[in-house]
Amino acid sequence: MVERNSLLLVTLLLGFFGNASTAEETAVGKALYAQSCAACHGVKLEGGKTQSLIDSIWQFGQKRSYVFRNIKYGIADFAMPAYEVALTDKQIDQVIDYILAMEKEIGTPKPPLPQALHTLDYQVKVEVVADGLDVPWAIDFLDKRRALVTERGGQLRTVVDGKLLPQPVSGTPEVVAEGQGGLMDVAVDPEYAENGWIYLAYSHALPKREGKGRPLTMTRLVRGHIRENAWVDQEVLYEAAPEFYGSTRHHYGCRIVFDPEGYLYFSVGERGIGRHAQDLSRPTGKVHRIHRDGSIPKGNPFVGVEAALPTIFTYGNRNPQGLAVHPQTGRVWESEHGPMGGDELNLLSAGRNYGWPEVSFGRNYNGNIISELSDRAGIDAPALYWKPSIAVCGIDFVRGDRFPKWRNQLLVGALKYEEVRLLDIRGDRVIHQEIILKNAGRVRDVACGPDGAVYVVLNGPGTVLRLTPADPDGVFSSL
Ligand code: HEC
């Protein structure tokens, strides 16, 4: 009896930790691998018809859950078959255990950060401007010499002349750094030189309710000044009514941008409840537009519409992780974390519906169909969607004189695929896409600085990179 109980306990623990493996399990994994995978990935996992699985490069996502998903559902468009039918979940886990054990035993370590990148138009120099950050989320610039970087845990950091100051800004608002939440976007007022305003978006908690579970949270927007490295003069610009706070800890949105007319746009994800994105009486699953002092523009699309919130600019947005304003047209582009195979790039128009969850190219992460529809009258189709999902995140347009051939093209960061892509956009269409950085780490944010350089915020290693042309007038410029 005692023995059975302890066996049960071991089984439960194995089940709980999921990826514990024994020699026996590895042997099962090895056999399954030989039978199902070796023909393409090589007998020793070294690659063959396709890539190696032991080179420490996981171009479709390194987290175990991503690897699992890639095997179970396959990788559409890349000829990686789905094993949903052929293998049970347990067998997939056994194969992964075997692959990871082999990676540890004979794998090659991940190559160091590249010093230079070869892109179609430029040879690009890569420098590290800040390192050792704790899950950085966003970057924005005070002037040509100084940048602010948020750390999701709640700290606001300053980079001066390419050096990270050791002391974070004191007195910034308290955040709920759980799940996907924390201190998220930082945005510098377009007239910062005159007014000094800095904007923050973060996950905010209501006071804990006596005897009830954990505190309820929601996206909140504030602005303030920084004086002597302290956050002061704080004003709350957007705070949802308490009934819109929720117990989930994901899909906060939280991106902030300004258009040439001075409007402030910010995003709020649907907090995990898809149908709320279609409900105009709720703030979640929306992009909102306000004046920079928090007041509501009279020209907003739902002002005067009964039972609709007047701050709403667009709806049906799942979890908008990137917002950027086109330097010439002044229009707002939005990137949105979709479900599996449904990451989107949208061009936003006032009052429009972007479809979530009624219309999507993606599937739920358990493989279920969300919607049979990928388009429908009355719903704006994305300008571009990524299937499989790259885990799209921050976006920004290239401005300035440093990369003239890239001017007005859109930089797109991807977490899972560890990429920076460059999108050539004409009008409302994306006509070309190039991967300019790959496998340097999970990309949380990208930004073009006032110096015209491209800044890349890497979530994983906690690094900010600076990209500049190594050959501004060199061989590549004649292409
Ligand atoms: C018919 C050939 C084929 C077979 C069989 C196959 N794969 Fe793949 N696999 C691919 C291709 C192609 C890719 C994408 C590679 C690329 O684009 O570089 C891929 C990608 C992957 C990836 C993603 C790697 C990354 O870098 O993120 C994993 C994990 C993977 N395969 C595991 C498996 C496992 C486990 C099996 C057996 C159960 C298997 N594959 C069987 C062709 C195959």
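For ligands, and for the atoms within them, numbers begin at 1 and follow the listed sequence. Residue numbers run from 1 in the order of the sequence given.
- Counting heavy atoms of neighbouring residues, nucleotides and ligands inside a 6.0 Å radius, atom CZ of Arg275 does not exceed 12 of them.
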(request) Check the pair Tyr315 / Trp356 against ring-ring contact (aromatic ring centres under 6.0 Å, His included), numbers first and verdict last. (result) CA-CA 8 Å; Tyr315 64 110; Trp356 178 253; over 10 Å; no
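- At least one heavy atom of Gln59 sits less than 4.0 Å from an atom of ligand 1.
- At least one heavy atom of Ala79 sits under 4.0 Å from some atom of ligand 1.
- Other residues, nucleotides and ligands place no more than 12 heavy atoms under 6.0 Å from the CG atom of Asp401.
- By the 4.0 Å heavy-atom criterion, Ile92 is excluded from the residues contacting ligand 1.
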Please output the side-chain donor-acceptor pairs of residues 125-133 that fall under 3.5 Å, not counting sequence neighbours, one pair per line with the distance.
unit_1 : atom_1 : unit_2 : atom_2 : d
Glu127 : OE1    : Arg466 : NH1    : 3.0
Asp131 : OD1    : Thr463 : OG1    : 2.9

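- In this structure, the protein non-hydrogen atom closest to atom 27 (O) of ligand 1 is Phe60 N, 2.9 Å.
- Contact annotation: for Ile99 versus ligand 1, heavy atoms closer than 4.0 Å belong to the side chain alone.
- Residue Phe60 forms a ring pair (Phe, Tyr, Trp, His ring centres under 6.0 Å) with just one option from Tyr417, Tyr66, Trp386, and that option is Tyr417.
- Under 3.5 Å, the side chains of Ser203 and Arg249 contain no donor-acceptor pair of N or O atoms.
- Side chain to side chain, Asn317 and Glu334 meet the donor-acceptor criterion of an N or O pair below 3.5 Å.
- The protein atom (non-hydrogen) at minimum distance from atom 17 (O) of ligand 1 is Phe78 CD2, 3.4 Å.
- For atom 8 (Fe) of ligand 1, the neighbouring protein N/O/S atoms at less than 2.8 Å, given as residue and atom, are His41 NE2, Met80 SD.
- The Val95 neighbourhood of ligand 1 comprises atoms 35 (C), with distances under 4.0 Å to a heavy atom of that residue.
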(message) Between Tyr33 and His41, does the side chain to side chain donor-acceptor pair (under 3.5 Å) criterion hold? Intermediate values first, please.
(response) CA-CA 9 Å; Tyr33 177 87; His41 289 285; 5.5 Å; no
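- For ligand 1, the atoms lying closer than 4.0 Å to a non-hydrogen atom of Ile57 are 26 (O).
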(request) Show your working on ring-ring contact (aromatic ring centres under 6.0 Å, His included) between His288 and Phe313 and close with a plain yes or no. (result) CA-CA 5 Å; His288 298 262; Phe313 186 70; over 10 Å; no
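- In the vicinity of Tyr83, heavy-atom distances shorter than 4.0 Å reach the ligand 1 atoms 4 (C), 5 (C), 6 (C), 37 (C), 38 (C), 39 (C), 41 (C).
- No hydrogens or angles considered: nothing links the side chains of Thr219 and Arg271 as a donor-acceptor pair under 3.5 Å.
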